[in-house]
Number of protein chains: 2
Amino acid sequence: MSRISCPVLAAKVVAAEEAVAHIHDGDNVGFSGFTGAGYPKAVPAALAATMIRAHDEGRQFQVGLWTGASTAPDADGVLAAAHGISTRLPYNSDPTLRGMINAGDVRYIDAHLSHSAQQMWFGFYGKLNVAVVEVTAALGDGVLVPSSSVGNNKTWLDQAERVILEVNHWQPRELEGFHDVYYGTALPPSRRPIMLTEALQRIGEPYLHVDPDKVVAVVETRRPDRNAPFSPPDDTSRAIAGHLVDFLRHEVRAGRMPQGLLPIQSGVGNVANAVLAGLDDSEFTDLVAFTEVLQDGMLDLLDSGTLRAASATSFGLSSDGMRRFRAGIDGYKGRILLRSQEISNHPEVVRRLGVLAMNGMIEADIYGNVNSTHIMGSAIMNGIGGSGDFARNGFCSFFLSPSTAKGGAISAIVPMVSHVDHTEHDVDVVVTEQGLADLRGLAPRDRAPRIIERCAHPSFRDQLRDYFDRALAARPNARHTPHLLGEALSWHQRYLDSGSMLTV
Amino acid sequence: MSRISCPVLAAKVVAAEEAVAHIHDGDNVGFSGFTGAGYPKAVPAALAATMIRAHDEGRQFQVGLWTGASTAPDADGVLAAAHGISTRLPYNSDPTLRGMINAGDVRYIDAHLSHSAQQMWFGFYGKLNVAVVEVTAALGDGVLVPSSSVGNNKTWLDQAERVILEVNHWQPRELEGFHDVYYGTALPPSRRPIMLTEALQRIGEPYLHVDPDKVVAVVETRRPDRNAPFSPPDDTSRAIAGHLVDFLRHEVRAGRMPQGLLPIQSGVGNVANAVLAGLDDSEFTDLVAFTEVLQDGMLDLLDSGTLRAASATSFGLSSDGMRRFRAGIDGYKGRILLRSQEISNHPEVVRRLGVLAMNGMIEADIYGNVNSTHIMGSAIMNGIGGSGDFARNGFCSFFLSPSTAKGGAISAIVPMVSHVDHTEHDVDVVVTEQGLADLRGLAPRDRAPRIIERCAHPSFRDQLRDYFDRALAARPNARHTPHLLGEALSWHQRYLDSGSMLTV
């Protein structure tokens, strides 16, 4: 059955190879996609092939690539391999592209996901020349059924000069009705309150809109999303989840959180998935999620009733997860809503709902500053994503990590983080498999012993205590956040030099 | 004429020395006060005297002190000198107290000003035992006319177990009508949108409320606020203002800002005052301010028509400024509105209005991370205040500083900041007297040369270029944010060791 009932758009169906003629060297191109979901599946490869031909002929052909967040090897990956990306924003997790960013070949603007759409609209990134957006179906008059992620699609479709649509027959046609696209945003000074007061409330409509006259090509595809499956929780991530669930239990008993908790935001990855599993094994029930990505783990919670409903901007489902979702799709309708990332991550909404922000980290320092993005201070891992949107504005911010990495050579608790993404002002709770450090209401000097004793791996505790003790003693008039500046980053340097942060 | 028309409260008038009997060792005490305005004037000294007597008799007597923001020597100062403060939040600028924090004698929790009221209400700081709040007048039924700042008073009055009011006859009785106190906040999950869409819109009422039964004492005072006057703009701050005004002009021409700009937030201090003076000398007119503190400079702008209206949470007026304000008070009514700091700094409102966030800084690094709080990484200066609330959520964030300090020995542009309060994700524009670096849409690697060439003092540029060049060369696979970790903080260490960041 045709997915393109709009006659104007049906007349524009072409092969991907033909569509990419509308993309030129130097263009800024806005892709759909948030995690390996809803990204364009045919245009990127065709564009990469065109770029490689151009490069072979000695012609320049690179674009600035903007997305919702990460995409997949057949989008970011092929374009990176073709040396086709000059600048990239606001988030990337593709290993090929990461390598090129770190080699200095690609310029990466790592932005808060709640900032990307508005800053594009403000004109901070320049003009958006082409949008390439995957949809599930194109109905009449440029009404589009979104696919498995929404991301920045609304803004890209509105703001781009030219639009290429990919209509993906692989996406379940039944996705119609799973989305809530808010068309009430504006530029200041014309902004109005966003009237969302419950996680699953509809404030928009189930469709994206595009001006059919701007659409220069429509490409049909039948290719699957690609999200990596998560490993089953190991002992370390189960221990992290256990500490976190205990803490939530304690907060409910103390009257600081309602019995049904507050809306949960959970980052992407194995630890986050383990936290969800931990919640599923707990007494908590009838919870709601207000998050970015609906992972496999959330399907378990929706099935068991631990989760009543979930708002997100993307399905980060593995192929197994996608099978489960398809099989039960009618039952999920009304319990899952995908929104634009400017709404899923909006400071206004996150603060109003009082989201519990649970995010992974690379490292925390003894004073509670968190690095989410950089390896040894200089090399980018992925990006800040939405962690700042939720940590700053949520009810309570949690940062989670195993206490060590690289077989014990790296401590996730260090004297001073080598890059700061979340400052001491935004970090409430740090959790490792060793334990949980509740930092609320603590001065920096009191945070240090708590983080060291509760969260650091025992093999690094003496080194950390020694640093803190000597820092406290070194400058008697500088004891608010005691540091030895000549040594603060020496752990990272030691790792670079010797392969371990351990002194012995 | 009596300022206390509420008979229940009139019956509770006592001397300050008597009132402080309601404050006990170990209490958490919430003072009014935001800058040297609206803080209690009699109770602190009486409390300090009681504490000193207790200490002389070998008894412990310390309190946790919570405020709106800074206060003045006769509040923070006397209590600090009496060794009467155990913990302090969310902001301090008192030099005596600063010394004790840095000596390790007082625990300081440096919090976003938009977080302080809600986190208290969430229960993150423990129980508030006593509120001590200055007001202009106490009308019937516990209706209070606020004084020269609002700060966290609404929350303190609501949440405290016991309340002491100071009715200050020095405050102009005509302040009635200058306030807009919003009583619509709630705990999640019961929060509603804050329906503020214009800087001067009223969403609350002109009064604070207190349950008269909770009021344990009322103290009458006649003492002035104490705000230090600002120095007249010098060449350096005039140059900073000039670069900033040029940039605004350029943004208007480029169509990225409306002719009347967007609401202005301006930090406190001499540089901020110079920026206001620069705006007053420019072609801009009919602007609005949505800020924390209404300084002397804003009166000039209101008088000249550069500023149509101003929303703030405090009058940070010098005694001269206060005289001018009193003289023209009827003309200012309707053009100035004081709000609770949870509204003046609210992420929801700041983002909706699209505030232009202009804040001072201690230092920025070549990648655009900003330190607003710490001297050489360890000693606190004042605190983050509201700078994070505005920088993260505003339309565009500016950080301003002279390019050097201590007669040229310290560079405000360094390889790596010694403490991070605003991350690279939140810093759009850096300005010194040397020039302005527009960082929007730039990757870290491109920010470095721009900041060095535009903002650093010429005497430090070669050193900065050398660091950046060597960092770029050092690790060819770590060029996203090139750093030499063994050297990144060496400028600060050199200053500590030799008194200068200069190598020669």
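Every chain is numbered from 1, with letters handed out A, B, ... down the list of sequences. Quick note: numbers below take in every heavy atom, side chains included, and nothing from hydrogens, waters or symmetry partners.
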- Message: Walk me through whether B:Glu348 and A:Arg352 qualify under salt bridge (Lys or Arg N to Asp or Glu O under 4.0 Å).
- Response: CA-CA 9 Å; B:Glu348 171 174 344; A:Arg352 184 181 305 142; 3.1 Å; yes

- Given B:His419 and A:Asn369, is the side-chain hydrogen bond (donor to acceptor under 3.5 Å, both in side chains) satisfied, shown in steps? CA-CA 9 Å; B:His419 183 89; A:Asn369 301 283; 4.9 Å; no

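In this structure, chain A has no heavy atom under 4.5 Å from any part of B:Glu487. Neither the backbone nor the side chain of B:Ala471 has a heavy atom closer than 4.5 Å to any heavy atom of chain A. Heavy atoms closer than 4.5 Å to chain A are found in both the backbone and the side chain of B:Pro189. Within the 4.5 angstrom heavy-atom criterion, only side-chain atoms of B:Leu496, from C-beta onward, approach chain A. Looking at B:Ser114, the atoms closer than 4.5 Å to chain A (heavy atoms on both sides) sit in the backbone and in the side chain alike. Proximity to chain A is limited to the backbone of B:Leu353, based on heavy atoms less than 4.5 angstrom apart. Proximity to chain A (any heavy atom under 4.5 Å) is shown, for B:Met100, by neither the backbone nor the side chain. With a 4.5 angstrom heavy-atom cutoff, B:Arg445 touches chain A only via side-chain atoms. Of the atoms belonging to B:Asp421, heavy atoms from both backbone and side chain fall under 4.5 Å from chain A. Neither the backbone nor the side chain of B:Asp438 comes within contact range of chain A, judged by heavy atoms closer than 4.5 Å. Within the 4.5 angstrom heavy-atom criterion, no atom of B:Val349 approaches chain A.
With no hydrogens or angles considered, a side-chain donor-acceptor pair links A:His374 and B:Thr481 at under 3.5 Å. Side chain to side chain, A:His480 and B:Asp110 fail the donor-acceptor criterion of an N or O pair below 3.5 Å.
When each of B:Leu472, B:Ile194, B:Val350, B:Leu262 is scored by its heavy-atom pairs under 4.5 Å with chain A, the top score falls to B:Leu262. When the candidates A:Asp426, A:Thr87, A:Asp428, A:Asp497 are compared by the number of heavy-atom contacts under 4.5 Å with chain B, A:Asp426 comes out ahead. With respect to chain B, the highest number of heavy-atom pairs below 4.5 Å among A:Ser490, A:Gly99, A:Pro476 belongs to A:Pro476. Your options are B:Met195, B:Gln119, B:Met416, and the one with the most heavy-atom pairs under 4.5 Å with chain A is B:Met195. Between chain A and the options B:Thr185, B:Leu196, B:Thr423, heavy-atom pairs under 4.5 Å are most frequent for B:Thr423.
In this structure, B:His115 contributes its side chain and A:Asn393 its backbone to no donor-acceptor pair below 3.5 Å. The backbone N or O of A:Ala379 lies less than 3.5 Å from no partner atom in the side chain of B:Arg479, so there is not a single donor-acceptor pair. Between the side chain of A:Arg392 and the backbone N or O of B:Gly388, at least one donor-acceptor pair lies under 3.5 Å.
In this structure, the side chains of A:Met376 and B:His483 stay at 4.5 Å or more apart for every pair of heavy atoms. Within the 4.5 Å cutoff, the side chain of A:Arg107 has no heavy atoms near those of the B:Leu442 side chain. Between A:Cys396 and B:Phe124, some side-chain heavy-atom pair lies under the 4.5 Å cut-off. Inter-residue side-chain proximity for A:Pro444 and B:Tyr108 is flagged as unmet; no heavy-atom pair is nearer than 4.5 Å.
The salt bridge (charged side-chain N to carboxylate O under 4.0 Å, His left out) check on B:Glu251 picks up B:Arg256, B:Arg440, with sequence neighbours excluded.
In the displayed structure, B:Glu198 atom CD is contacted under 6.0 Å by at most 12 heavy atoms of other residues, nucleotides or ligands.
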